[in-house]
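Okay, structure first, notes after.
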Amino acid sequence: MGEYLSLLMFPALIALIFLGLQISFAMMLSAAAFGYLVFENVVAYQLLSKIEETASNSVLAAVPLFIFMGAMLEKSGIAERLFHAIHLWTRRLPGGIGVGTILLGTIFAAASGVVGATEAVIGLLAIPIMLKHQYDKRLLSGVICASGSLGTAIPPSITVIVLGPVAGVSVGQLFNGLLLPGLLMAGLFILYVILAATLKPSLAPSDHEEAAAVPLSEKLKLTVTALLPAAALIFTVLGTILLGLATPTEASACGAVGAVLLSVLYRSCSLSVLWESVLRTVNISAMILMIVMAGNMFAGIFFATGGMGTVQSLLMDSGLNRYAVLAMILLIAFIAGFLLDMMSVVLIIIPVAMPIVRLLGFDEIWFCVAFLVILQTSYLTPPLAPSIFYLRAISPPSITLKHMYAGVIPFILIQIMVLTAVLAIPELATWLPEKLTQTTWS
């Protein structure tokens with residue numbers, strides 16, 4: 001009875017979310033209710049053990065540290081200085097401001113890993129400049145949403161830090177596997193903007209005159225003072241992880257300290273900046289870790305009631321070949337991405353999917369990278385795209401939902417191209433982890 005009862009946990013969860021209950025509380029309530037029906041009072045011990053398991057997971061310590069690093073870069077004005085330096089070099093390109101915005105998204109994603117925060121910072125910096133230069137509002141919207149979404153595809157992604165322990169896969173190897181697809185995606189975003197602006201210059205009017213007014217010496221000075229320190233910070237974080245010199249937690253601690261030191265060097269560090277960064281870190285970390293804890297409770301009860309075995313039997317007895325089963329899992333993840341935030345999708349689907357992926361003989365890193373790309377695609381896809389809601393919150397009324405929906409479509413197609421490439425060429429996700437010596441973390 002419990003095996004089939006557990007399958008009702010998912011519709012019950014969706015119903016609670018639609019009734020307005022917060023996702024974390026909806027998962028905890030579903031877990032407690034269904035666990036009590038099967039195990040009665042013993043469920044309390046099961047749920048408490050999941051709280052202890054989450055609290056003792058050392059990899060999750062990287063989450064608040066990465067968030068603090070991104071918050072310091074934003075609050076101290078380092079991100080704004082970085083955008084200005086990038087903008088100086090990309091102005092002469094067709095769609096130069098859009099290209100600079102995507103580059104900033106790539107860099108900020110590599111220094112933060114929080115999707116919503118990345119989009120908010122980029123939007124606040126780039127929207128006024130793009131409107132000033134009369135960029136097409138559809139292109140503007142697509143560029144901001146796509147740039148912000150890179151926080152999922154460019155390491156060190158907070159989503160990956162949560163996914164690794166849940167999937168039983170090394171976080172460091174996931175970072176390695178995600179790097180090439182993430183950079184490919186960012187490169188295709190840039191290529192699209194350049195091609196669109198070249199074929200139709202009215203989409204992205206250039207500012208050659210302003211670019212010519214800045215002497216080369218000034219450009220070099222800004223590059224040295226803005227780009228190089230940020231590059232050094234990113235290498236301290238991402239480079240040490242990829243080369244196996246540090247765990248994600250150790251690298252995140254170095255990054256947090258490095259962000260503070262950069263703000264001191266730029267003379268923008270103050271008690272108010274530190275306080276605002278700490279508050280932002282606490283708010284976002286509490287939200288993420290609460291969802292992680294609730295997701296562990298939900299998955300634990302689902303497993304304990306035999307739900308995993310039931311799902312596995314249903315899929316294996318369906319007569320579908322292994323690639324059709326894989327496609328079904330990715331489709332479910334894509335649909336779930338409409339309704340839930342990324343962390344919740346990871347915590348609900350990955351514990352169910354990973355045993356099936358292993359049983360079918362698929363490479364774990366390859367599957368996780370494809371899963372993350374599909375999640376990022378759902379993040380951008382209307383009508384319930386979270387990226388559009390973030391943009392709506394920071395954009396002026398002149399940028400309408402119609403502009404946003406139309407603007408993200410080309411970037412969604414690019415993400416589908418990257419997903420297709422990852423599925424067709426597994427080496428995109430597996431080559432770098434195999435080449436780089438990597439310590440495995442639990």
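The structure places OG1 of Thr106 at 5.0 Å from CG of Leu150, a figure rounded to the nearest 0.5 Å. Ser76 contributes atom OG, which lies 9.0 Å from atom CZ of Arg81 (distance to the nearest 0.5 angstrom). Here the straight-line distance linking atom CG of Leu191 with atom CD1 of Ile102 works out to 10.0 Å at 0.5 Å rounding. Distance check, rounded to the nearest 0.5 Å: CD1 of Ile365 to OG of Ser170 gives 6.5 Å. Note that CE of Met130 and CD1 of Ile399 are 9.0 Å apart. Values are rounded to the nearest 0.5 Å. Atom-to-atom distance recorded for Leu82:CG and Ile78:CD1 is 9.0 Å, nearest 0.5 angstrom.
Side-chain atoms of Arg322 do not come within 3.5 Å of backbone N or O of Val357 as any donor-acceptor pair. Between the Glu250 side chain and the Thr247 main chain, a donor and an acceptor come within less than 3.5 Å of each other. Using a distance-only test at 3.5 Å, with no hydrogens or angles considered, no donor-acceptor pair links the side chain of Ser285 to the main chain of Val282. Side chain of Thr90 to main chain of Gly96: a donor-acceptor pair is present (N/O by atom type, distance under 3.5 Å, no hydrogens or angles).
Classified by interplanar angle (parallel below 30°, tilted 30° to 60°, perpendicular above 60°), the ring pair Phe302/Phe298 is parallel.
A heavy-atom distance below 4.5 Å is not found between the side chains of Met69 and Ser252. Contact annotation: the side chain of Pro165 approaches that of Val171 to within less than 4.5 Å [non-hydrogen atoms, C-beta and beyond]. Counting heavy atoms from C-beta outward, Met28 and Met293 have side chains that approach closer than 4.5 Å. For the pair Val408/Thr381, no side-chain contact is recorded, criterion being any heavy-atom separation below 4.5 Å from C-beta on. Side-chain atoms of Pro396 and Ile127, non-hydrogen and from C-beta on, do get closer than 4.5 Å to each other. A 4.5 Å side-chain heavy-atom check between Met27 and Met9 finds every atom pair outside the cut-off. A heavy-atom distance below 4.5 Å is not found between the side chains of Leu163 and Val169. Between Ile158 and Ile161, the closest side-chain pair of non-hydrogen atoms falls below 4.5 Å.
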Thr101/Val193 under side chain to side chain contact (heavy atoms under 4.5 Å, CB included): CA gap, chis, key distance, verdict | CA-CA 11 Å; Thr101 301; Val193 171; over 6 Å; no
So Leu203 and Tyr135, side chain to side chain contact (heavy atoms under 4.5 Å, CB included) or not? Walk me through it.
-> CA-CA 6 Å; Leu203 290 176; Tyr135 265 57; over 6 Å; no
Apply side chain to side chain contact (heavy atoms under 4.5 Å, CB included) to Phe367 and Leu330, showing your working.
-> CA-CA 9 Å; Phe367 168 77; Leu330 293 177; 4.1 Å; yes
After noting the C-alpha distance and the side-chain angles of Met404 and Ser395, does the key distance pass the side chain to side chain contact (heavy atoms under 4.5 Å, CB included) rule?
-> CA-CA 10 Å; Met404 297 175 191; Ser395 62; 3.4 Å; yes
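Of all heavy-atom pairs between Phe68 and Ser277, the closest is CE1-CB, 3.9 Å. Nearest heavy-atom pair across Leu73 and Ala259 is CD2-CB, 4.4 Å. The two residues Val237 and Gly255 have their closest heavy-atom pair at CG2-CA, 3.5 Å. Smallest separation of non-hydrogen atoms from Leu380 and Ile412: O-CD1, 3.6 Å. Here the shortest heavy-atom pairing between Ile329 and Ala353 reads CG2-CB, 3.8 Å. The minimum heavy-atom distance linking Val345 with Ala333 is given by the pair CG1-O, 4.1 Å.
The ring-ring contact (aromatic ring centres under 6.0 Å, His included) analysis of residues 182-201, with sequence neighbours excluded, yields the pairs Phe189-Phe411, Tyr192-Phe411. Listed by first and then second residue, the side chain to side chain donor-acceptor pair (under 3.5 Å) pairs involving residues 362-377 are Ser149-Gln376, Arg358-Glu364 (not counting sequence neighbours).
Considering only residues two or more places apart in sequence or on other chains, Lys50 meets the salt bridge (charged side-chain N to carboxylate O under 4.0 Å, His left out) condition with Glu53. Taking the salt bridge (charged side-chain N to carboxylate O under 4.0 Å, His left out) definition, one finds that Glu427 meets it with nothing, sequence neighbours left out. Residues passing the side-chain contact (heavy atoms from CB on, under 4.5 Å) test with Ala26 are Leu13, Leu16, Ile17, Leu21, sequence neighbours excluded. Scored by the ring-ring contact (aromatic ring centres under 6.0 Å, His included) test, Phe235 finds no partners at all (sequence neighbours excluded).
Taking the six-membered ring for Trp and the full ring otherwise, Tyr323 and Phe362 have centroids separated by under 6.0 Å.
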